[in-house]
Every structure is written in structure tokens, then in C-alpha cells.
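Every chain is numbered from 1, with letters handed out A, B, ... down the list of sequences.
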Amino acid sequence: MPELPEVETVRDGLARWAVGRTITSVQVNNLRSVRRHLAGPEDLAARLAGQRLESAERRGKFLWLVLPADLALVVHLGMSGQVLVQPPDAPDEKHLHVRFSLEPADLELRFVDQRTFGGVLLDQTIDGVPSTVAHIARDPLDPLFDDALFVKRLRARNSAVKRCLLDQTLVSGIGNIYADEALWRARVHGERLGAALTRAQAVDLLAQVRDVLGEAITAGGTSFDALYVNVNGQSGYFDRSLNAYGREGRPCGRCGAPIRRTAFMNRSSFWCPSCQRPPRVQRHAGLG
DNA sequence: TTCTGCTCCTGAGGGC
DNA sequence: TGCCCTCAGGAGCAGA
């Protein structure tokens with residue numbers, strides 16, 4: 001599933017292969033993929049035609065191609081979105097929803113999305129950030145990320161720490177996989193309250209988040225199936241380095257205890273019952 | 001203001 | 001073989 005490392009891999013691919021080219025036309029095959037462009041698909045196509053792609057930027061899981069006049073083509077991959085750079089004569093993908101023809105015409109951009117949680121839109125930027133992304137916090141790999149502010153805000157939350165990690169207005173770029181991995185590395189149970197963490201624990205958790213995200217970027221992201229690929233259609237290999245996520249029943253790499261899986265926020269959490277002791281008082285909501 | 005739970009969506013996989 | 005059900009989860013929203 002696309003989290004920060006996967007989106008960064010895609011951004012890097014766009015910077016290499018798409019930046020410097022000009023959009024000549026836009027073909028929308030699925031209206032749901034442009035639903036966040038409120039003016040409609042015709043407006044999107046008309047305003048993008050002739051626009052030069054100046055750079056590829058990212059904040060958390062949002063990425064955007066910078067256009068002239070403070071405009072940006074914003075892309076969110078959702079759960080299954082892909083941005084592919086393909087020759088125009090390559091066969092269409094089954095879930096090809098938006099096609100961006102480019103000049104030079106030897107390559108085109110394709111937005112492909114099986115589950116259609118993602119989408120694209122044209123947006124105005126303010127200080128270089130699209131207005132639809134302005135509410136998203138900086139990610140931990142951003143040089144301007146404020147560690148002290150994050151620790152302060154995390155420790156003020158009366159909410160499960162895993163939910164805090166998934167809150168993109170607190171810290172961006174972390175999804176279910178890397179939240180579980182960082183919590184495992186920090187030996188913190190996801191149901192612990194943010195307010196129950198010591199300052200040292202919060203600082204260490206942030207460090208583990210940084211480590212796991214950085215290692216995943218180096219590996220090209222995490223792929224369990226064909227739902228995440230880079231702009232050339234290739235999968236990452238960080239799934240081979242996972243210690244908790246998807247390892248239910250398999251021994252913890254530290255202590256050997258079988259990894260547990262519990263439901264949380266309509267998804268799964270994977271944790272070690274020995275290394276990550278759950279809080280004594282179970283809350284009504286949260287893990288388990 | 002903070003927090004929780006629900007909804008959207010499609011395809012794979014399992015059970016019958 | 002075909003049908004039905006469950007599961008996967010990012011982000012936004014409603015309601016408490």
C-alpha cells in the first residue's frame with residue numbers, strides 16, 4: 001500500500017522521467033478518479049493542456065507536479081493508485097483512469113487505480129504547497145519537521161499512539177504498515193495513549209519511524225502484490241525486512257514470541273505480545 | 001476542540 | 001462452477 005516510501009519512489013521517478021515535458025492532452029476514463037477536481041473533467045483537461053511540468057514535489061503521501069503560475073497537478077495514490085510513465089503504444093492497463101499525453105511524445109503519464117481511493121486534481125499553490133495539502137503535517141524526513149513540536153503534541157493526545165501515527169495532521173507519511181513496524185522497533189504497544197508515553201519514549205518512537213521510512217525508501221518501498229509499483233512498473237522489496245506487519249503467528253525476531261494480529265480502526269495491527277506490552281486498562285476503542 | 005467509528009471501493013481468496 | 005462473504009486500508013466526515 002502506498003505510504004511515504006512508496007510515494008517518494010514514485011515522485012523520484014516522475015522527477016526523472018516526466019519533469020521538463022509538457023502536457024498536450026488529458027483523457028479521463030473514470031470520473032471517480034477526478035472527483036476531487038470540483039470543476040469537472042473537462043475543466044481539468046482544458047486547464048492542463050499546454051502546461052509544462054516544472055518539478056515533482058511531495059508531502060507525506062501526497063505528491064504533486066508543479067506547473068507555471070502557482071498551479072499544481074496533485075496526485076494521491078490512495079490504496080492502490082499507480083502513476084506510470086509508459087510509451088503511448090503500450091497496452092492500456094485494466095484500471096487506467098486518466099491518461100496525460102506529453103510532449104516530447106515518446107512517453108505518457110498514466111494514473112491507474114484498482115480501488116479508486118486515489119485521484120488527481122488541479123490546485124492552486126500557496127507558498128509552494130497545494131491548498132488541498134495545506135492541512136497535512138510535514139513528514140519526519142522533511143528537513144523542516146519540528147521534532148519537539150511533534151513530541152509535545154503526541155504526548156498531549158488522549159488517543160492510541162498508533163492512531164496518532166496515522167493522523168496525517170500530526171505527522172504525515174505513515175500508514176498501517178510502517179506504523180506497526182515503528183511501534184515494534186520502539187517496543188511500544190499501539191494502544192498506549194500518546195499522553196502515557198514518556199518524553200524519551202516519544203523521541204525514540206520518532207527515531208524508529210525515521211529509520212523504518214528511510215530503509216523502506218532505500219528498498220524502493222513495500223510490495224505485497226501488483227498494487228504498488230514505481231513509475232516503471234517495478235515492485236519494491238522492503239516487505240522482506242518487515243518484523244511485525246503481516247507476520248501473524250510467526251516468531252518475533254527479538255524474543256521468538258508469536259506475533260499477534262488484532263483489529264484496529266477497521267484494519268489490522270500486528271504486534272509482539274512480549275516486546276510490546278499492552279496497557280493494563282483496555283479502552284473501549286483501539287487495539288483488540 | 002478532541003476523539004471515535006463509519007464509509008467509500010474492487011479484487012483476491014476461502015467456504016459451501 | 002458459481003455464489004456469497006470477508007478482508008485489505010487512506011482520508012474525510014459525522015456525531016458524541
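Ring planes of A:Phe145 and A:Phe150: tilted class, angle from 30 to 60°.
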Review item, nucleotides 6-9 of chain B N/O atoms under 3.5 Å of protein N/O:
none

Any protein N or O atoms within reach of nucleotides 14-16 of chain C? Criterion: under 3.5 Å, listing atom names and distances.
none

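Closest to the A:Ser268 side chain, of the nucleotides C:dG10, C:dA8, B:dC3, is C:dA8. In this structure, the nucleotide among B:dC3, B:dG11, C:dG10 sitting nearest to the side chain of A:Glu3 is C:dG10.
In this model, the phosphate group of B:dG11 is approached by a side-chain N or O of A:His95 to a distance below 4.0 Å at OP1 or OP2. Taking only side-chain nitrogens and oxygens, A:Ser80 never comes nearer than 4.0 Å to OP1 or OP2 of B:dG11. Phosphate contact (OP1/OP2 of C:dG10, side-chain N/O of A:His76, threshold under 4.0 Å): absent.
Sorted by first and then second residue, the pairs that involve residues 68-96 of chain A and meet salt bridge (Lys or Arg N to Asp or Glu O under 4.0 Å), not counting sequence neighbours, are A:Asp92-A:Arg99, A:Asp92-A:Arg110, A:Glu93-A:Arg110. The salt bridge (Lys or Arg N to Asp or Glu O under 4.0 Å) contacts involving residues 14-39 of chain A comprise A:Asp12-A:Arg16, A:Arg21-A:Asp106, where partners must be two or more places apart or lie in separate chains. Residues in residues 129-140 of chain A take part in these salt bridge (Lys or Arg N to Asp or Glu O under 4.0 Å) pairs, two or more places apart or across chains: A:Arg58-A:Asp139, A:Arg138-A:Asp142.
Atom CD of A:Glu191 is separated from atom C1' of B:dC3 by 14 Å (rounded to the nearest Å). Following rounding to the nearest Å, A:Asp167 (CG) and C:dG10 (P) show an atom-to-atom distance of 13 Å. Atom CG in A:Leu166 sits about 14 Å away from atom P in B:dC3, given to the nearest Å. As rounded to whole Å, 14 Å separates atom C1' of B:dG11 from atom CD of A:Gln82. The interatomic distance linking A:Arg35 (CZ) with C:dG12 (C1') rounds to 10 Å, in whole Å. The interatomic distance linking A:Arg36 (CZ) with C:dA11 (C1') rounds to 7 Å, in whole Å. The separation between A:Leu193 atom CG and B:dC3 atom C1' is 11 Å, rounded to whole Å. Atoms CZ (A:Phe62) and C1' (C:dG10) sit 9 Å apart, rounded to a whole Å.
A:Leu141 has its side chain within reach of A:Leu213: a pair of non-hydrogen atoms, C-beta onward, lies under 4.5 Å apart.
Grouped by direct or indirect side-chain proximity (heavy atoms under 4.5 Å, Ile/Leu/Val/Met/Phe/Trp/Tyr only), A:Val66 sits with A:Phe62, A:Trp64, A:Val74, A:Leu121, A:Val129, A:Val133, A:Ile136.
For the atom pair CD (A:Gln208) and CD (A:Gln201), the distance works out to 12.0 Å, reported to the nearest 0.5 Å.
Both A:Asn30 and A:Arg157 lie close to DNA chain B; mapped to their nearest nucleotides by heavy-atom distance, the more 5′-ward contact belongs to A:Arg157.
Under the ring pair (Phe, Tyr, Trp, His ring centres under 6.0 Å) criterion, A:Phe111 pairs with no residue, sequence neighbours left out. Legend: residues meeting salt bridge (Lys or Arg N to Asp or Glu O under 4.0 Å) with A:Asp167, ordered by chain and number and at least two apart, are A:Arg157. Taking the salt bridge (Lys or Arg N to Asp or Glu O under 4.0 Å) definition, one finds that A:Arg47 meets it with A:Asp43, sequence neighbours left out. Listed by chain and residue number, nothing satisfies the salt bridge (Lys or Arg N to Asp or Glu O under 4.0 Å) test with A:Arg254 (two or more places apart in sequence, or in another chain). Listed by chain and number, the residues in a salt bridge (Lys or Arg N to Asp or Glu O under 4.0 Å) with A:Asp211 amount to none (sequence neighbours excluded).
Residue-level contact check: A:Arg261 touches the backbone only, with heavy atoms under 4.0 Å from sugar-phosphate atoms and none from bases.
The stretch residues 168-176 of chain A touches DNA chain C through A:Gln168, A:Gly175, A:Asn176, each having a heavy atom within less than 4.0 Å of the strand.
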